[in-house]
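Being a predicted model, the structure only gives us computed values, none of them experimental. Quick note: numbers below take in every heavy atom, side chains included, and nothing from hydrogens, waters or symmetry partners.
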Amino acid sequence: MSIFYTLNAVFLILNLIFLQKFLHIYQLKDYNNTRYFKYFFDKKIIFYLLIFIVFMVQLFVNNLIFYTVTNVGIFIISIIFYTHLIKANKTPLHLTGKIKRLFIISTIILVCTSFIKVGFCLISFMSLLSPILANITNIYDKIKNHRYIKSAQNKLKIYAPKIIAITGSNGKTSVKNILLQMLKTKYKTIASPASYNTPLGISKFLNEELTKDHEYIILEYGARHKKDVKKLCRTFGADYGILTTIAPQHLESFHNIENIYLTKNELVKYLQNKLCIFNIDNIYCRRSYLEKEGEKISVSIHEKADIFAKNLKISSINMKFNMFFNQFNKKITTNLLGRHNITNILLASALALHLNIDIEEIAKTISSLQPTEHRLQLIKSRINIIDDSYNCSLASAEEALYTLSHFEGKKMIATPGIIECGNMSYEINFRLGVMMKNFDYIIVIGKQNKKAILDGLKTQKFDDKKILLAENLESSKKYFSLLADGDTLLLLNDLPDDYH
């Protein structure tokens, strides 16, 4: 019997070594059990089926040779599998207090498992399950998180600032940053950093940054599941709202565009008779605008609206347009790139004007705006690099490609395609391939959307010699030498670690 437990102990050590990778993935998946399980079973379901079969046989076969051979086999396969869980740590594991507690609890679970005769196989399952089991039993964090959110709510109640909530599939961060610069010219205003758009992220920001002097707070309300926006509204409230776009993103969790619409529209329903601003160029935002009762403002770059843009002049250097509002118009110049940024500017300007920011101050602010990092950010070096790698939808890809078309010289696109599209993944990436037909070189990164993109390009009779394949962004750099000085490279989306 001792050999059984010796083998278990060896495998326990292996699992403890790789436990940090499991916890890393769990963190990347926002501690969401469904997304965490899907990651493993999408990639290595055969591995776990094999272990399950061996485990069931070992329960009934008491043979040392069989037990030893099967366990050694599982040991070797596990080393190969675990080593390739995450190939590149672009987003490293953050050693938060929660991660440390989950590691300790997971370790206890695995040690207890090793004392079972067939624990060798069972440990393989428990190493996968231990982060979830640890999270379930981690009462400390549940109590701590509740208190943390309650503390933020109390600060809001005491200081009573006006809350501006921004939601949508794209553009939340850009609109937030633009609006912040506008409002700061007159009011004491703060905005949540980066993409702090969850209850805990927003609570952290409010607990650390909010003071009694702040008059306005700008928050992003993000969502991956139905009722996420509703929960944020109930937790933090909203006095004004902005709906940027509604597009097929996070379809793995939302399943269809209608669920995305219903979720984003939760902000509009919460506001009821309070002001909400809509991008009516987006058909779903238009639908929400038409259904909205009470105060509302529409913006557009294609037609007349409460605030709209005309005479758009777009170049590789800047964009110029006329902004019309209340029978007035103002000539605007911005260094931001992409027509969608004109929409973002209009959305922010609409609320700024409503809050009595002078149009001259608004125009001055717009002229000084700098691009948000990784969102159509122009980097000038030997070649022009348009960094649009933060995230990507079909609509944002179309705008990025439209922007690229205004540059001189040869044009190269490096992209892994569009992720989290659920059952529409092939269709969306096929359409992306079709959209890239007019450019000089296409670098397809990774395998996930490779077939769909190549099939789309094939229908356009794109030159096969100009389709380049790379395992990741780093390995794609070898192709950049094909571009001469002054040519342009578009980095269209980038895969997070858990999609390699």
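- Salt-bridge annotation for Glu360 and Lys330: present, with a side-chain N of the basic residue lying under 4.0 Å from a carboxylate O of the acidic one.
- With Tyr31 as the aromatic partner, Lys98 meets the cation-pi criteria of under 6.0 angstrom to the ring centre and within 45 degrees of the ring axis.
- Listed for the Asp239 side chain is a donor-acceptor partner under 3.5 Å among the backbone atoms of Ile163.
- With hydrogens and angles ignored, the 3.5 Å screen pairs a side-chain donor or acceptor of Thr244 with a backbone N or O of Asn170.
- Listed for the Glu266 side chain is a donor-acceptor partner under 3.5 Å among the backbone atoms of Lys227.
- Side chains of Asn177 and Ser174: no donor on one and acceptor on the other come within 3.5 Å.
- In this pair, Tyr289 and Phe278 present their aromatic rings perpendicular. The plane angle is above 60°, beyond the 30 to 60° band.
- A salt bridge does not link Arg224 to Asp228: none of the charged nitrogens lies less than 4.0 Å from a carboxylate oxygen.
- For Thr415 (side chain) and Leu492 (main-chain N/O), a donor-acceptor pair under 3.5 Å exists by modelled atom type.
- If you run side-chain hydrogen bond (donor to acceptor under 3.5 Å, both in side chains) between Ser298 and each of Asn279, Asp306, Asp281, only Asp306 comes through.
- Partner Arg101 forms a side-chain hydrogen bond (donor to acceptor under 3.5 Å, both in side chains) with one of Thr96, Asp141, Asn135 and no other, that one being Asp141.
- Note that NZ of Lys155 is 5.0 Å distant from CG of Leu210, once rounded to the nearest 0.5 Å.
- Applying side-chain contact (heavy atoms from CB on, under 4.5 Å) to His374 and the options Asn493, Asp387, Asp388 leaves one that passes, Asp387.
- Taking the six-membered ring where tryptophan is involved, the planes of Tyr402 and His406 are perpendicular, since the angle between them exceeds 60° and thus also 30°.
- Between Tyr187 and Tyr216, the distance separating the two ring centers is shorter than 6.0 angstrom.
- Salt-bridge check for Arg287 with Glu258: passed, with a basic side-chain N closer than 4.0 Å to an acidic carboxylate O.
- Side-chain atoms of Asp463 come within 3.5 Å of backbone N or O of Lys465 as a donor-acceptor pair.
- Ring geometry for Tyr240 versus His354: interplanar angle over 60°, hence perpendicular rather than tilted (30 to 60°).
- From His94, atom NE2 reaches atom CD of Gln27 across 5.5 Å, with rounding to the nearest 0.5 Å.
- A salt bridge is defined here as a Lys NZ or Arg NE, NH1 or NH2 lying under 4.0 Å from an Asp or Glu carboxylate O, and Asp485 with Arg382 meets this definition.
- When atom types are taken as modelled, the side chain of Gln181 and the backbone of Leu369 share no donor-acceptor pair closer than 3.5 angstrom.
- Judged purely by atom type and a 3.5 angstrom limit, Ser288 has no side-chain atom pairing as donor or acceptor with the backbone of Cys285.
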